[in-house]
**Q** 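A single structure is presented below for examination.
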Amino acid sequence: MVSWITLVDSTLYEGLAYVLVTFSFILTLKYCRFPDMTSAGTFVLGSIICVRMSQMANGIPNPVLIYLWLVLGVIVAVALCGLAGLVTATLHNRFHIDPLLCGVLSAFYLYAANVMISAPTKSVEDKVNILQWFRKRDQIAIYGINDLHIFQIFVFAAVVICVKLCLDHFLASEAGLAVRALEDARAGANVLRKNNQSPEWLKAISLVAANAMVGLGGVLTALKEQQATANRGTDIFVDSLIAFLLGTQLHGWACLFSNKVVTRDKRGLTELAGWVKGYRISTVSIFGTLLYWALVCFTQRIGGSALDWTRIILVALIALSLGNPPMVQKWLDKHYRRSAKKGEEKSRVADSTEAGTGNQAEAAGNGSVLTVRGLEYSYSSSGPETTRFRFKLQNLLVPRGALIQLRGANGSGKTTFLLLVAGIIEMPERGSIALEGREVTENPEARRKRVAYVDQDYNRGVIETLTVEENIALADIGPTASLWNAALCEDRRSRVHEILKQVELSEVLYATRPSELSGGQRQVVNLLTLLGRRELPPLVLLDEPVNNLDTENLGHCRRIIELLHRRGTAILLVSHNSIEGLQYSAPAVYLADPRTHTNATQEPVS
């Protein structure tokens, strides 16, 4: 009994400070996809600053002032570690250095700074330690057991819980939802830019917060060990990374089993499955860290070849954490057959073209939202033989509130034209683009803010790591994501549910991730994000929004387009065929095949 108590005591005493390091991986590694090695330096920096400030408190006679000074030391240590994260973010965002290399560079300069400050080890006297009172209480035997750390563990646990609550609040906020969107490497940054949010700024916030948490973990470790050593950091990074991956992997397996339980509808287990899947990622990190340190403390108590066994187990943990072993996956597939979902994948081909023609009649409207004159853009085609194509569109005018179809063969330049207008292709070679009478040819940022573009590939428009409700909520948040407002507040949830009802979609889709939907359903969600915006831009560009859809999803998409049109926004829709049931404002605009090398003129719509 005594052995188990001391094992639990050692696990909590050694592991709780490292929980803060694993929290940092939630923001950097999981959501931002940023392998930030800066934490190897900020952990040591936090501990060294704390020790240095404690040493400076030796000359302060007043005990109250000593504690205030030590608290200030903690704040300074955390702030400097956050600043180090900002330096890493600047290297990546401003100088476009690879994320891993940014972290390595930051860790290197921090190591040099830490060595100069600590030279190489510094100790702190117990009388100027914040934990002094708690340490004295722990010296009293409890139930006849010596060397327990009950009171110090209480302090560490309180700090971890406070940080966890702050982290959970941030991830549930509007800014946190935007950060979580970055987890989808294909669509995250693309969708945020469409919403006029800056992925670079969100990454910077995450790196600052992550390294501040790491620095706080270093402070707790310095207070616990009463010293700071510069010759560490990498081991802390590796240990915490393994612990984080272990927790997330085990939770992933638990969710996989819970899905099987729900599918089989076993009695009494459905609620348990929902409980397992409802764990927050911060809770999973705590579990993984404490499990890892429990294993370390246990193997250290074995004696003899404990170190060798520890190394062997660590290797197994790394393999376990990095993915599903084939043997386990084979066993799961054998006992719980999963229904395969056939998603519709379409690769986006940049249409290269030369000239487009067609006659467009007058369309009703008061003024024009888009005016294009003499637009030219060219690039080389792919293939063994390089051919240079030139896209030309002499004149095009889209009235306010109009619904106009742009048609043409594959390769006729439809997508290229939309990308130019939307500001994704920043500059044409010649010609002009005006939005609502304002010249924006040389201002792609203005085009991106005033034009909504829906990609023909839903994989770049729908964030698969968020639920359908969260995807629409992210569009509703717009460019001003708050750190304090909840992303899924009651008002926003009501609005999202009302949007889904307008399109006559099932309520089951609310909490469903797009990865669990068919390709047609994901395209519906792709268009729904437009309806989610509180303020629509004056022009919406839809690139083949109903291609290869079944009858049901085609009806949903047509309904969404009609709702968008009723809200008064102009829509330029690319499609090979007319969508049955839509009331177009004018005959379709046709773009010719560039391989015919014809140069024609598109007359403006008055």
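Note that the structure is a prediction, hence the values are computed from the model and not measured. Residue numbers run from 1 in the order of the sequence given.
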**Q** Report yes or no: is the cationic atom of Lys203 (NZ for Lys, CZ for Arg) closer than 6.0 Å to the six-membered ring centre of Phe34, at no more than 45° off its axis?
**A**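 So Lys203 doesn't make the cation-pi contact.
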
**Q** For Phe237 and Phe25, take the angle between the two ring planes, folded into 0 to 90°, and tell me which bin it lands in: parallel under 30, tilted 30 to 60, perpendicular over 60.
**A**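 Phe237 vs Phe25 ring planes: perpendicular.
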
**Q** Spell out, as yes or no, whether a donor-acceptor pair under 3.5 Å connects the side chain of Glu183 to the backbone of Tyr31.
**A**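 Looks like no, no N/O pair under 3.5 Å.
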
**Q** Under a 4.5 Å cut-off applied to non-hydrogen side-chain atoms, are Glu469 and His497 in contact?
**A**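 A side-chain contact under 4.5 Å exists here.
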
**Q** Walk me through whether Glu225 and Arg232 qualify under salt bridge (Lys or Arg N to Asp or Glu O under 4.0 Å).
**A** CA-CA 14 Å; Glu225 299 177 354; Arg232 65 186 308 183; 3.1 Å; yes

**Q** Just wondering, more than 12 heavy atoms not from Phe287 lying within 6.0 Å of its CZ?
**A**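 Counting neighbours around CZ of Phe287, 12 or fewer heavy atoms of other residues, nucleotides or ligands fall under 6.0 Å, so no.
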
**Q** Check for a donor-acceptor pair, side chain of Ser482 on one end and backbone N or O of Trp484 on the other, with a separation under 3.5 Å.
**A**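 At least one qualifying donor-acceptor pair exists.
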
**Q** Does any part of the side chain of Lys224, heavy atoms only, come nearer than 4.5 Å to the side chain of Glu14, both counted from C-beta?
**A**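 Side chain of Glu14 against side chain of Lys224, heavy atoms only: contact under 4.5 Å found.
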
**Q** Taking Glu470's backbone N and O only, do any of them form a donor-acceptor pair with Thr467's side chain (distance below 3.5 Å, no angle check)?
**A**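 Yes; judged by distance alone, with no hydrogens or angles, the pair exists.
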
**Q** Mark yes or no for whether Asn190, through its side chain, and Gly188, through its backbone, hold a donor-acceptor pair below 3.5 Å.
**A**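 Judged by distance alone, no pair lies under 3.5 Å.
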
**Q** Would you indicate whether Phe108, at its atom CZ, is surrounded by more than 12 heavy atoms from other residues, nucleotides or ligands within a distance under 6.0 Å?
**A**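 No, CZ of Phe108 has 12 or fewer neighbouring heavy atoms, counting only those of other groups under 6.0 Å.
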
**Q** Could you tell me whether the side chain of Asp36 and the main chain of Thr28 form a donor-acceptor pair under 3.5 Å?
**A**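 Checking the backbone N and O of Thr28 against the side chain of Asp36, no donor-acceptor pair under 3.5 Å is found.
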
**Q** In sequence, state the C-alpha distance, the side-chain angles, and the governing distance for Lys164 and Asp168, and then conclude on salt bridge (Lys or Arg N to Asp or Glu O under 4.0 Å).
**A** CA-CA 6 Å; Lys164 170 185 161 50; Asp168 289 342; 2.9 Å; yes

**Q** Do the side chain of His556 and the main chain of Val524 share a donor and acceptor less than 3.5 angstrom apart?
**A**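 Pair absent, no side-chain N/O of His556 close to backbone of Val524.
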
**Q** Assess whether salt bridge (Lys or Arg N to Asp or Glu O under 4.0 Å) is satisfied between Arg533 and Asp476, documenting all intermediate values.
**A** CA-CA 4 Å; Arg533 297 189 180 191; Asp476 180 69; over 6 Å; no

**Q** Would you confirm whether Asp455, through its side chain, and Asp457, through its main-chain N or O, come within 3.5 Å as a donor-acceptor pair?
**A**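 Flag set: sc Asp455 to bb Asp457 pair under 3.5 Å.
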
**Q** Go through Glu464 and Arg522 one step at a time and tell me if the salt bridge (Lys or Arg N to Asp or Glu O under 4.0 Å) criterion holds.
**A** CA-CA 9 Å; Glu464 295 193 354; Arg522 275 181 273 186; 2.9 Å; yes

**Q** Using modelled atom types only, decide if a donor and an acceptor are shared between the side chain of Asn114 and the backbone of Ile48 within a distance under 3.5 Å.
**A**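 Side chain of Asn114 to backbone of Ile48: no pair is present.
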
**Q** Determine yes or no for a side-chain-to-main-chain donor-acceptor pair under 3.5 angstrom, with Asp138 supplying the side chain and Ile150 the backbone.
**A**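 The answer is yes, because a donor-acceptor pair under 3.5 Å joins these two groups.
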
**Q** Hey, does Asn553 have a side-chain heavy atom less than 4.5 Å from the side chain of Asp550?
**A**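 Yes. Closest side-chain heavy atoms under 4.5 Å.
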
**Q** Is there a donor-acceptor contact under 3.5 Å from the side chain of Asn211 to the main chain of Leu207?
**A**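 Yes; at least one donor-acceptor contact below 3.5 Å.
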
